[in-house]
Asks: 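Sending over a structure as structure tokens; questions will come in a sec.
Starting from 1, each residue takes its place in the sequence as its number. Hydrogens, waters and symmetry mates play no part in the numbers below; they use all other heavy atoms, side chains included.
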Amino acid sequence: MQSLVGRLLPLEITLRGSKRRFSSAELTRRQIPRLQLNPARFAAPQRLFRGLDVTVRTTSGWPV
């Protein structure tokens, strides 16, 4: 028996459009120039555990 999350995950992927975005290598490659010009914003979560240190380094212009 599948869990509720396991049954709802395919629906979420479809509704978010993730399946369409990554359905082929060509579609994914076409998005690279746009994402290089306007990368998604990156920020650490607002609530972190005590003693946890988050750092960001940039590799080839992308936050890692």
Asks: Return the set of residues passing side chain to side chain contact (heavy atoms under 4.5 Å, CB included) with L9 (not counting sequence neighbours), or none when no residue passes.
Replies: E12, I13
Asks: Tracing side-chain links under 4.5 Å among I, L, V, M, F, W and Y, which residues wind up in one group with W62?
Replies: L35
Asks: If you measure from CD on Q36 to CD on Q31, what distance do you get to the nearest 0.5 Å?
Replies: 12.0 Å
Asks: Taking side chain to side chain contact (heavy atoms under 4.5 Å, CB included) as the definition, give me every residue that meets it alongside V56, ordered by chain and number, with sequence neighbours left out.
Replies: F42, P63
Asks: Which residues satisfy the side-chain hydrogen bond (donor to acceptor under 3.5 Å, both in side chains) test with T59, sequence neighbours excluded?
Replies: R57
Asks: Could you tell me which residues satisfy side chain to side chain contact (heavy atoms under 4.5 Å, CB included) with L11, sequence neighbours excluded, listed by chain and number?
Replies: L15
